[in-house]
Amino acid sequence: MPELPEVETTLRGIRPYLEGRTLQAIDVRDRRLRWPVPETIQQAVGARITSLQRRAKYMILETDAGGDLLIHLGMSGSLRVITDRSGPRKHDHFDLVTDSAIVRYNDPRRFGALLWVNPPRGEHELLAHLGPEPLGDEFSGDLLFDRSRGRRVAVKNFIMDGRVVVGVGNIYATEALFMTGIHPNRAAGRVSRARYGALAEAIRDVLARSIRQGGTTLRDYVNSDGAPGYFALDLLAYGRDGKPCFQCGAGMRHKVIGQRSSFYCPRCQR
DNA sequence: ACAGTAACCTGTTTGC
DNA sequence: TGCAAACAGGTTACTG
């Protein structure tokens, strides 16, 4: 479900309720997530959460207890701030409890994660091999160009590879390729430097705009207030199979590339 | 190193 | 209407 804008929106929503606060409890109702939730997370209880960060689609809750909590939302995870003492519902797998609120994790498909990470964080196996942040300074069209030489993988899969650049999921990869007129199935090594420059800009642009709209809700994504994101209204390509291209009017196509649904204009995207 | 595929899981939508 | 298949925003692990 959540790509970078949805994770960022969630992080911003929970930050006021967690940053600077002491964790009173972590109540785990079901440890069967992507990896079993380890007992070591209890080291965070009684600790102060000093700051909340995001790396790729991981949320990092830094504590003063010599480690950090790592949360990933997987495909169907969401975090909501509970202030009214309402009881847990189906798929509410764990709560982070402070004196002011409960941050409650819901995840029907259980592809998400809650882990305890000891510093140095950069050496943790999950974070060690991640590419640059798309909204950061290291990311550029030149980087994409350089890393793609000789690669035959579809350019869409290439930009979704977290070792190349993080945070670009199926929706935003689809959108950025449409925005730049690049066919999603084109070999990554056969895209010019100039077009990678435009693609990098499109990736930044679409992610930044989506964050401003609170992310994209296709079916069940909600932010920490339980509200949907509104970027779905701005989608130019994703889910528009058979509908006219906004650019040229031709019928948009659907094709599965690398096991993921892709949408593109057969005339505009080459 | 690279490319392609299967797997993890549940809920909803689609097609016969 | 009912039932089974297909599909869904992510990531890792395995194969050749």
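Computed from a predicted structure; not experimentally measured.
- Under the 3.5 Å distance criterion, with hydrogens and angles disregarded, no donor-acceptor pair is assigned to the side chains of A/Ser262 and A/His254.
- Taking A/Arg212 as the reference, A/Ala208, A/Arg209 meet the side chain to side chain contact (heavy atoms under 4.5 Å, CB included) condition, with sequence neighbours excluded.
- Taking atom P on both C/dT11 and B/dA1, the two are 22 Å apart, rounded to the nearest angstrom.
- Across the protein-nucleic acid pair, A/Glu6 atom CD and C/dT11 atom P stand 12 Å apart, rounded to whole Å.
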Close N or O pairs between protein and nucleotides 14-16 of chain B (under 3.5 Å):
none

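- Counting heavy atoms from C-beta on, the side chains of A/Glu19 and A/Ile49 never come closer than 4.5 Å.
- By the side chain to side chain contact (heavy atoms under 4.5 Å, CB included) test, A/Ser224 pairs with A/Ile14, A/Val81, sequence neighbours left out.
- Remark: A/Lys90 is in phosphate contact with B/dG11, judged by side-chain N or O atoms under 4.0 Å from OP1 or OP2.
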Exercise. Show the numbers, then the answer: is there a side-chain hydrogen bond (donor to acceptor under 3.5 Å, both in side chains) between A/Tyr17 and A/Thr98?
Key: CA-CA 8 Å; A/Tyr17 297 91; A/Thr98 72; over 6 Å; no

Using a cutoff of under 3.5 Å, can you pull out all pairs of nitrogen or oxygen atoms linking the protein to nucleotides 2-5 of chain B, with atom names and distances?
from  : atom 1 : to       : atom 2 : distance (Å)
B/dA3 : OP1    : A/Arg152 : N      : 2.4
B/dA3 : OP1    : A/Val153 : N      : 3.1
B/dA3 : OP2    : A/Arg151 : NE     : 2.5
B/dA3 : OP2    : A/Arg151 : NH2    : 2.8

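- To the nearest 0.5 angstrom, A/Ile26 atom CD1 is 4.5 Å from A/Ile41 atom CD1.
- The salt bridge (charged side-chain N to carboxylate O under 4.0 Å, His left out) contacts involving residues 240-262 of chain A comprise nothing, where partners must be two or more places apart or lie in separate chains.
- A donor-acceptor pair shorter than 3.5 Å cannot be found between the side chains of A/Thr9 and A/Asn223.
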Please list each protein N or O that sits under 3.5 Å from an N or O in nucleotides 4-7 of chain C, with the distance.
none

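- No single ILVMFWY cluster, assembled from side-chain heavy atoms under 4.5 Å apart, contains both A/Tyr264 and A/Tyr172.
- A/His129 places its NE2 atom 14 Å from the C1' atom of C/dT11, with the value rounded to the nearest Å.
- Rounded to whole Å, the distance from CE on A/Met75 to P on C/dT11 is 10 Å.
- Using bins of under 30°, 30° to 60° and over 60° for the plane-to-plane angle, the ring pair A/Phe94/A/Tyr105 lands in the parallel bin.
- For the pair A/Tyr221 OH and B/dT10 P, the computed distance is 23 Å after rounding to whole Å.
- What separates OH of A/Tyr172 from P of C/dA8 is a distance of 16 Å, to the nearest Å.
- A/Arg260 places its CZ atom 13 Å from the C1' atom of B/dA7, with the value rounded to the nearest Å.
- Heavy-atom distances under 4.0 Å link DNA chain B to no residue of residues 26-38 of chain A.
- Between A/Arg29 and A/Asp95 there is a salt bridge, since a side-chain N of the basic residue sits under 4.0 Å from a carboxylate O of the acidic one.
- Proximity of A/Arg163 to the phosphate of B/dA1: no side-chain N or O atom is located under 4.0 Å from OP1 or OP2.
- Within the structure, the salt bridge (charged side-chain N to carboxylate O under 4.0 Å, His left out) test picks out the following pairs touching residues 50-62 of chain A (sequence neighbours left out): A/Glu8-A/Arg54, A/Arg54-A/Glu133, A/Arg55-A/Glu133, A/Glu62-A/Arg121.
- Stem analysis of DNA chain C (at least three stacked-register Watson-Crick or G-U pairs, each with both distances under 3.5 Å) gives B:2-8 with C:10-16, B:10-16 with C:2-8.
- Between the side chains of A/Asn170 and A/Lys156, at least one donor-acceptor pair of N or O atoms lies under 3.5 Å.
- Looking at residues two or more places apart in sequence or on another chain, you find a side chain to side chain contact (heavy atoms under 4.5 Å, CB included) between A/Glu201 and A/Arg204.
- In the model, A/Ser86 has a side-chain atom that pairs as donor or acceptor with a side-chain atom of A/Asp84 under 3.5 Å.
- Between the side chains of A/Gln24 and A/Thr22, not a single donor N or O lies within less than 3.5 Å of an accepting N or O.
- C/dT11 atom P lies 12 Å from atom CE of A/Met59, rounded to whole Å.
- At B/dC9, none of the side-chain N or O atoms of A/His91 fall inside 4.0 Å of OP1 or OP2 (strictly under the cut-off).
- A 4.5 Å side-chain heavy-atom check between A/Leu235 and A/Thr216 finds at least one atom pair inside the cut-off.
- Residue pairs meeting the salt bridge (charged side-chain N to carboxylate O under 4.0 Å, His left out) criterion with at least one member in residues 36-49 of chain A, sequence neighbours excluded: A/Arg31-A/Glu39.
- For the pair A/Phe158 CZ and B/dA1 P, the interatomic distance rounds to 16 Å; values are reported in whole Å.
- Aromatic ring pairs are classed by plane angle as parallel below 30°, tilted from 30° to 60° and perpendicular above 60°; the pair A/Phe145 and A/Tyr196 is perpendicular.
- Remark: the separation of the P atoms in B/dA6 and C/dA6 is 13 Å, to the nearest Å.
- Of all the residues in residues 107-116 of chain A, A/Arg109, A/Phe111 reach under 4.0 Å from DNA chain C with at least one non-hydrogen atom.
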